[in-house]
Participant: 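Below is the structure I would like to discuss, written out as structure tokens.
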Amino acid sequence: MSVLFATAVAMGCTAQDLLDLEDYQALPEQDLRVLRSPAQTAPLPAHTAITPTAPPPPERPEDAVRSAAGESAAWAQWAETTNVGEIALEQIHADVRALAQDYLTGDAIELFRQARVARDRVFTLLEGHQPPGTTADLYVAAGYLCGLLAWISSDLGNLRAADTQGRTAWLCAEMSGHNDLRAWVASTRSKVAFWDGRLRDAIQHARRGASYQPRGSVGALLACQEADAWSKLGAVDETQLALRRADEAREHPGQDAIGGIFSCSPGRQENYAAGAHLRIESYAEALAEADSALAHLRAQPVRAYGTEAQIHISRATALVGTGHPEGVLPALAPVLAMPPEQRLDPITKRVVELGDLLARDRAARGAAASAARRVLHEWCLDSAPRHLALSPRQGTT
């Protein structure tokens, strides 16, 4: 009622003048009695007006100085607060390195779940308050985690989800201004584009990553990925040139900040080189690269089963190309023994390509080649992406 009376005073009328029939019907009986009282029914004089409140006295200069200092101190106290400390930030980066390392040997679906939980934790922290330097560090962690989710999504056969994760990872890299992260995200996006058949995009991503002149082994990997795409396009000279750049980058690799899947060992580089040589039909070179890659891989304390499987597939494919199709199944024995959860999408696609080569090759028309094609077909039916597609829906965002 007080608001109603104040409005009536301001407008120079009575409170009743502001009400209609519906308003009277909605008012409680107590408010109606107040309105009917003589003090409220008498019209207000025409000259009635609201007396303005007197402004506060001006602040003395010495008080203004002290007040401004207090305001700055209060803001500084807020600016100094953070929702993540140095130890917590250190743990986040340690978790990122552990996930990248574990993915070389671990279960893809389980590592995807763990990386997703870690990503959500970092996203939540970014929604809070911390100093700008800490915010940049959190964006770096988020970028690597989204990059890892992109890599795993691709390996599980969901290239659309992988592309989405790659775009978010790139945004994090841009927000952090971190060139090494930019390079690794570009490498991840090149990988996704390659398996999606967008070969020109794969080349563009690889070149964009290299333009940041990153530290570590990503320079070699980016050159290998460019060679991979050129070889798929049948561009022999461009393929060879990119492979030479990979060798040059290998001479000064530097230290990788994360490692694991975000690193390019000599065995991994030679695996890419073997695959590229196969596509331009340089089978002898591919066989030599595959043998060297296996030797490097066996000397490592941790052997990435995905890389090792692709090396064996390259060897088997090179044997077909050099006129020895009978050696396919023996060369593929380690691959055929892999459990289904390790049969990732790039591996199964490489096996399908090998089966197609056996079907086309004139020297591979015997019983051994036919048996090999049948074994390869059955092996691909029991793979991680197929299991994921047939299982109840799981989020891949």
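Values reported hereafter were calculated over all heavy atoms of this structure, with side chains retained and with hydrogens, waters and symmetry mates removed. Count residues from 1 along the sequence.
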Participant: Rounded at 0.5 Å granularity, tell me how far NE2 in His312 sits from CD in Glu308.
Facilitator: 4.5 Å
Participant: Considering residues, nucleotides and ligands other than Gln77, do more than 12 of their heavy atoms fall under 6.0 Å from its CD?
Facilitator: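 Check fails, neighbour count at 12 or below.
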Participant: Just verifying a value: how many Å separate Arg121 CZ and Ile92 CD1, rounded to the nearest 0.5 Å?
Facilitator: 6.0 Å
Participant: Counting only heavy atoms not in His129, do more than 12 sit closer than 6.0 Å to its NE2 atom?
Facilitator: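 Yes, enclosed.
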Participant: In chain order, what residues pass the salt bridge (Lys or Arg N to Asp or Glu O under 4.0 Å) check against Asp291, with sequence neighbours excluded?
Facilitator: Arg315
Participant: Give me the atom names and distance for the closest heavy-atom approach of Ala115 to Leu99.
Facilitator: CA-CD1, 3.8 Å
Participant: When you compare the side chain of Arg279 with that of Asp228, does any pair of heavy atoms fall below 4.5 Å?
Facilitator: yes
Participant: Could you check whether Arg207 and Ser190, counting side-chain N and O atoms only, form a donor-acceptor pair closer than 3.5 Å?
Facilitator: no
Participant: Can you tell me how far the CG atom of Leu159 sits from the OG atom of Ser154, to the nearest 0.5 Å?
Facilitator: 5.0 Å
Participant: Walk me through it: do Leu332 and Trp379 pass the test side chain to side chain contact (heavy atoms under 4.5 Å, CB included)?
Facilitator: CA-CA 11 Å; Leu332 284 181; Trp379 184 89; over 6 Å; no
Participant: We want to know whether Thr307 and Asn271 form a side-chain donor-acceptor pair, criterion being a heavy-atom distance below 3.5 angstrom.
Facilitator: no
Participant: Any chance CD of Gln342 has more than 12 other-residue heavy atoms, nucleotides or ligands included, within less than 6.0 Å?
Facilitator: yes
Participant: Side chains of Tyr103 and Asp155: is there a donor and an acceptor less than 3.5 Å apart?
Facilitator: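 Side-chain D/A pair, Tyr103 to Asp155: present.
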Participant: How long is the span from the CG atom in Asp256 to the CZ atom in Phe262, to the nearest 0.5 Å?
Facilitator: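 If we round to the nearest 0.5 Å, Asp256:CG and Phe262:CZ are 11.0 Å apart.
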Participant: Return yes when atom CD of Glu90 has more than 12 non-hydrogen atoms of other residues, nucleotides or ligands closer than 6.0 Å, and no otherwise.
Facilitator: no
Participant: Ignoring hydrogens, what is the shortest heavy-atom contact between Ala249 and Gly219? Give both atom names and the distance.
Facilitator: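 Smallest interatomic distance, heavy atoms only, reads CB-C, 3.8 Å.
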Participant: Strictly below 4.0 Å, N to O, side chains only: are Arg360 and Asp356 in salt-bridge contact?
Facilitator: no
Participant: Holding to salt bridge (Lys or Arg N to Asp or Glu O under 4.0 Å), I want the full list of residues that pass it with Asp382, two or more places apart in sequence or in another chain.
Facilitator: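 Counting only residues at least two positions away or on another chain, Asp382 forms no salt bridge (Lys or Arg N to Asp or Glu O under 4.0 Å).
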Participant: Would you sort out whether Val96 and Gln101 count as a side chain to side chain contact (heavy atoms under 4.5 Å, CB included), showing the intermediate values?
Facilitator: CA-CA 9 Å; Val96 173; Gln101 184 67 33; over 6 Å; no
Participant: For Glu71 and Trp75, does a side-chain donor sit closer than 3.5 Å to a side-chain acceptor?
Facilitator: no
Participant: With side chain to side chain contact (heavy atoms under 4.5 Å, CB included) as the test, would you mind laying out the steps for Ile203 and His205 before giving the verdict?
Facilitator: CA-CA 6 Å; Ile203 293 169; His205 286 310; over 6 Å; no
Participant: Tell me whether Ser292 contacts the main-chain N or O of Ala288 through its side chain, where contact means a donor paired with an acceptor under 3.5 Å.
Facilitator: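 No; zero donor-acceptor contacts below 3.5 Å.
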Participant: Mind listing the side-chain donor-acceptor pairs of residues 135-151 below 3.5 Å, one per line with the distance, residues two or more places apart or on another chain?
Facilitator:
residue, atom, partner, partner atom, Å
Thr135, OG1, Gln130, OE1, 2.8
Thr135, OG1, Pro131, O, 3.2

Participant: Supply the atom-to-atom distance Leu357 CG to Leu376 CG, rounded to the nearest 0.5 angstrom.
Facilitator: 11.0 Å
Participant: For Gln269 and Arg250, test the side chains for any donor-to-acceptor distance below 3.5 angstrom and give the result as yes or no.
Facilitator: yes
Participant: Between the main-chain N or O of Arg268 and the side-chain N or O of Ser265, is there a donor-acceptor pair closer than 3.5 Å?
Facilitator: yes
Participant: Can you find a side-chain donor-acceptor pair between Gln225 and Ser187 that sits under 3.5 Å?
Facilitator: yes
Participant: Is any NZ, NE, NH1 or NH2 atom of the basic residue among Glu110 and Arg113 found under 4.0 Å from an Asp or Glu carboxylate oxygen of the other?
Facilitator: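 Salt bridge: yes.
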Participant: Going through the checks in order, is the salt bridge (charged side-chain N to carboxylate O under 4.0 Å, His left out) test met by Asp63 and Arg66?
Facilitator: CA-CA 5 Å; Asp63 292 337; Arg66 285 195 295 268; 2.4 Å; yes
Participant: After noting the C-alpha distance and the side-chain angles of Arg182 and Asn179, does the key distance pass the side chain to side chain contact (heavy atoms under 4.5 Å, CB included) rule?
Facilitator: CA-CA 5 Å; Arg182 285 184 174 117; Asn179 282 345; 2.6 Å; yes
Participant: Under 4.0 Å between a side-chain nitrogen and a carboxylate oxygen: does that hold for Arg167 and Asp163?
Facilitator: yes
Participant: Enter the distance from Thr348:OG1 to Asp345:CG here, rounded to the nearest 0.5 Å.
Facilitator: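 The distance works out to 4.5 Å.
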